[in-house]
Amino acid sequence: MSASPAAVPTTEPSPQAPAPFVPGAAPPAPDVRARFQAARDGGLRARDAARSLGLSEGAAIAAHAGHHAAALRAVPLAGPWLALLQALEPCGPLMALTRNDSTVHEKTGVYRDISGTGPMGLALGAEIDLRLFFNRWHAGFAVTEPGRDAAAPPVTSLQFYDAHGLAMHKIYPRDATDLGAFAAVVARFAQPSAGYVFTPASAPAAPAPDASIDAAGFADAWAAMHDTHDFFGVLRRFGVERQQGFRLVEGRFTRRATADAVRGLLQAAAADGTPIMVFVGSGGCIQIHTGPVQRIVPMESGAVRWINVLDVGFNLHLREDRIAQVWIVEKPTGDGTVTSVEAFDAEGELMAMFFGARKPGQAERAEWRAIVAGLERAG
């Protein structure tokens, strides 16, 4: 469910959290269910509760399939995942949640205008705007959990995981959701016999040494781009990791900003009403908010610092203390230069990207460029 500021968690286990399993072990499902619930009761969110057991979140959820007495229940789902998402439109408003280790993006709206070709999919609704990479979607579950208090009814969400048990995307009902239509989607795609198995993720490959890259050719290819989407092809063609590419053209197309740049741009956009775009990816889904942001709420608890957007229909929760690098990135397009602000954690994971709101064929907003210029002056 959408987190209020007081509910935004730390990743540190509480003193009451259970002792973790030895990583790589295969504990019995009843033990997983008991320990997972104890970790959740101790204040951990699902991803962190699973990690405290030495498990992926997907593996912890899969242990709740079948018949048992635990409060959390999981019904395996089967695709096609595109058809499942397309079936959600009659449900009305739903909350889409996509996250990575440091950032959570929550957007409420109707799942409509969903299409796909092969492993790629798009959702282009007014509120739910997604880029979908179904080749990463390995498993799905309808997960039913108790309500937030004894008087609240149970809540069923749809949760999708990759082959390593990392959450790709989650979908939650809202007050205005047609729960009958939502239950019909669950019944249509339920596959109780699906025995999903998750495997450990391998360590990411190290980037190629800078000296092995054709830096001049890479910079020329960057300068020749006509669309922001060309960037991914340029990286692949030259075998360049994202931040490595930023370093190779630093001073020409990229500049470093300070770690508080994300807070600064959100506060500036809220102050003058500049509409922005906020991208957060999980590896299997990129979720996008386009529009203004209004209520920017920092929150600190010890060394943990969150910057939150708490607006009607859009919530963002970003671990500000995990920001290791922020880059200002300029890409040439047929509509002129397009500027992004991109935040990375210490492991090099892209936490979030920010753009000025625009449509193809439109030049970048002067108001957004002014915000970015303000970040550079502050830096």
(request) Indicate yes or no: does D345 engage R322 in a salt bridge with an N to O separation below 4.0 Å. (result) no

(request) Give the intermediate values and the outcome of salt bridge (Lys or Arg N to Asp or Glu O under 4.0 Å) for residues E145 and R40. (result) CA-CA 11 Å; E145 303 176 75; R40 296 297 305 277; 3.3 Å; yes

(message) Working note: L158 + F160, criterion side chain to side chain contact (heavy atoms under 4.5 Å, CB included); need CA distance, chi angles, decisive distance, verdict.
(response) CA-CA 7 Å; L158 308 181; F160 305 94; 3.9 Å; yes

All N/O donor-acceptor pairs, side-chain side in residues 178-191, below 3.5 Å, sequence neighbours left out:
unit_1: D178; atom_1: OD1; unit_2: G180; atom_2: N; d: 3.1
unit_1: D178; atom_1: OD1; unit_2: A181; atom_2: N; d: 3.0
unit_1: Q191; atom_1: OE1; unit_2: S193; atom_2: OG; d: 3.1

(message) Measuring from atom CG of D129 to atom CG of L124, what distance do you get when rounded to the nearest 0.5 angstrom?
(response) 6.0 Å

(message) Please find the pair of heavy atoms, one from D113 and one from G125, that lie closest to each other, and give the distance.
(response) CB-N, 4.2 Å

(request) Report the distance from atom CG of L266 to atom CZ of R295, rounding to the nearest 0.5 Å. (result) 14.0 Å

(message) Once side chain to side chain contact (heavy atoms under 4.5 Å, CB included) is applied, do any residues pair with A139, and if so which ones, sequence neighbours excluded?
(response) F141, Y196, F198

(message) Are there over 12 heavy-atom neighbours, none belonging to D175, within less than 6.0 Å of that residue's CG?
(response) no

(request) Check the hydrophobic clustering (I, L, V, M, F, W, Y; side-chain heavy atoms under 4.5 Å; chains of links allowed) and say if L375 and W327 are grouped together. (result) no

(message) I'd like to check the side chain to side chain contact (heavy atoms under 4.5 Å, CB included) partners of T98; sequence neighbours left out, ordered by chain and number.
(response) H169, S282, C285, Q287

(message) Using the rule given for side chain to side chain donor-acceptor pair (under 3.5 Å), can you reason through E320 versus W306, listing the C-alpha separation, both sets of side-chain angles and the distance that settles it, and then say yes or no?
(response) CA-CA 5 Å; E320 200 173 15; W306 293 88; over 6 Å; no

Counting only pairs under 3.5 Å, give me each side-chain donor-acceptor contact of residues 60-72, with atom names and distances, residues two or more places apart or in other chains.
unit_1: H64; atom_1: ND1; unit_2: A60; atom_2: O; d: 2.7
unit_1: H68; atom_1: ND1; unit_2: A70; atom_2: N; d: 3.1
unit_1: H68; atom_1: NE2; unit_2: H64; atom_2: O; d: 2.6

(request) Search all heavy atoms of A208 against all heavy atoms of I213 and return the closest pair with its distance. (result) CB-CD1, 4.0 Å

(request) Quick one: list whatever passes salt bridge (charged side-chain N to carboxylate O under 4.0 Å, His left out) with R242, sequence neighbours left out. (result) E342

(message) Run R319 and T103 through side chain to side chain contact (heavy atoms under 4.5 Å, CB included) and show every step you take.
(response) CA-CA 6 Å; R319 277 285 297 270; T103 309; over 6 Å; no

(request) Determine the minimum heavy-atom distance between T156 and A142, stating which atoms define it. (result) CG2-CB, 4.2 Å

(request) Grab the two heavy atoms, one from M353 and one from L350, that are nearest each other, plus how far apart they are. (result) CG-CD2, 3.7 Å

(request) List the atom of I296, the atom of A270, and the distance in Å for their closest heavy-atom pair. (result) CG1-CB, 3.8 Å

(message) Let me confirm one number: the CZ-CG distance from R47 to D101, rounded to the nearest 0.5 Å.
(response) 5.0 Å

(message) Restricting to side chain to side chain contact (heavy atoms under 4.5 Å, CB included), what partner residues turn up for T117, sequence neighbours left out?
(response) none

(request) Kindly state each residue pair satisfying ring pair (Phe, Tyr, Trp, His ring centres under 6.0 Å) with at least one member in residues 252-298, sequence neighbours excluded. (result) W222-F253, F279-F355, H289-F314

(message) Check K170 with E57, please: is the shortest side-chain N to carboxylate O separation under 4.0 Å?
(response) yes

(message) Among residues at least two apart in sequence or on other chains, which ones pass side-chain hydrogen bond (donor to acceptor under 3.5 Å, both in side chains) with D227?
(response) H229

(request) Measure across G239 and Q244 and return the closest heavy-atom pair with its distance rounded to 0.1 Å. (result) O-OE1, 4.2 Å

(message) Assess whether a salt bridge exists between R99 and E106, defined as any Lys/Arg side-chain N lying under 4.0 Å from an Asp/Glu carboxylate O.
(response) no

(message) Please enumerate all residues that pass ring pair (Phe, Tyr, Trp, His ring centres under 6.0 Å) together with H164, with sequence neighbours excluded.
(response) none

Show the atom names and distances, to 0.1 Å, of all donor-acceptor pairs under 3.5 Å that link a side chain in residues 74-94 to residues at least two apart or in another chain.
unit_1: W81; atom_1: NE1; unit_2: W137; atom_2: O; d: 3.3
unit_1: Q86; atom_1: NE2; unit_2: I114; atom_2: O; d: 3.0

(request) First locate atom CG of L316, then atom CG of D311, and finally report the distance between them rounded to the nearest 0.5 Å. (result) 10.0 Å

(request) Nearest 0.5 Å please: distance from the NE2 atom of H105 over to the CD1 atom of I288. (result) 8.0 Å

Without placing hydrogens or testing angles, list every side-chain donor-acceptor pair under 3.5 Å for residues 255-262, not counting sequence neighbours.
unit_1: R255; atom_1: NE; unit_2: E376; atom_2: OE1; d: 2.4
unit_1: R255; atom_1: NH2; unit_2: E330; atom_2: OE2; d: 3.2
unit_1: R255; atom_1: NH2; unit_2: E376; atom_2: OE2; d: 3.3
unit_1: R256; atom_1: NE; unit_2: E250; atom_2: OE1; d: 3.4
unit_1: R256; atom_1: NE; unit_2: E250; atom_2: OE2; d: 2.9
unit_1: R256; atom_1: NH1; unit_2: Q325; atom_2: OE1; d: 3.3
unit_1: R256; atom_1: NH2; unit_2: E250; atom_2: OE1; d: 3.3
unit_1: T258; atom_1: OG1; unit_2: D260; atom_2: OD1; d: 2.5

(message) Quick check against the 3.5 Å criterion: does E241 have a side-chain atom that pairs as donor or acceptor with the backbone of Q243?
(response) yes

(request) For D162 and H138, run side chain to side chain donor-acceptor pair (under 3.5 Å): C-alpha distance rounded to whole Å, both residues' side-chain angles, the deciding distance at 0.1 Å, then the answer. (result) CA-CA 5 Å; D162 73 0; H138 169 68; over 6 Å; no

(message) Is there a continuous path of hydrophobic side-chain contacts, each under 4.5 Å between heavy atoms, that joins F238 to F231?
(response) yes

(message) Ignoring hydrogens and geometry beyond distance, is a side-chain donor-acceptor pair present between E364 and T339 at under 3.5 Å?
(response) yes

(request) Taking salt bridge (charged side-chain N to carboxylate O under 4.0 Å, His left out) as the test, write out the residues that go with D210, two or more places apart. (result) R247

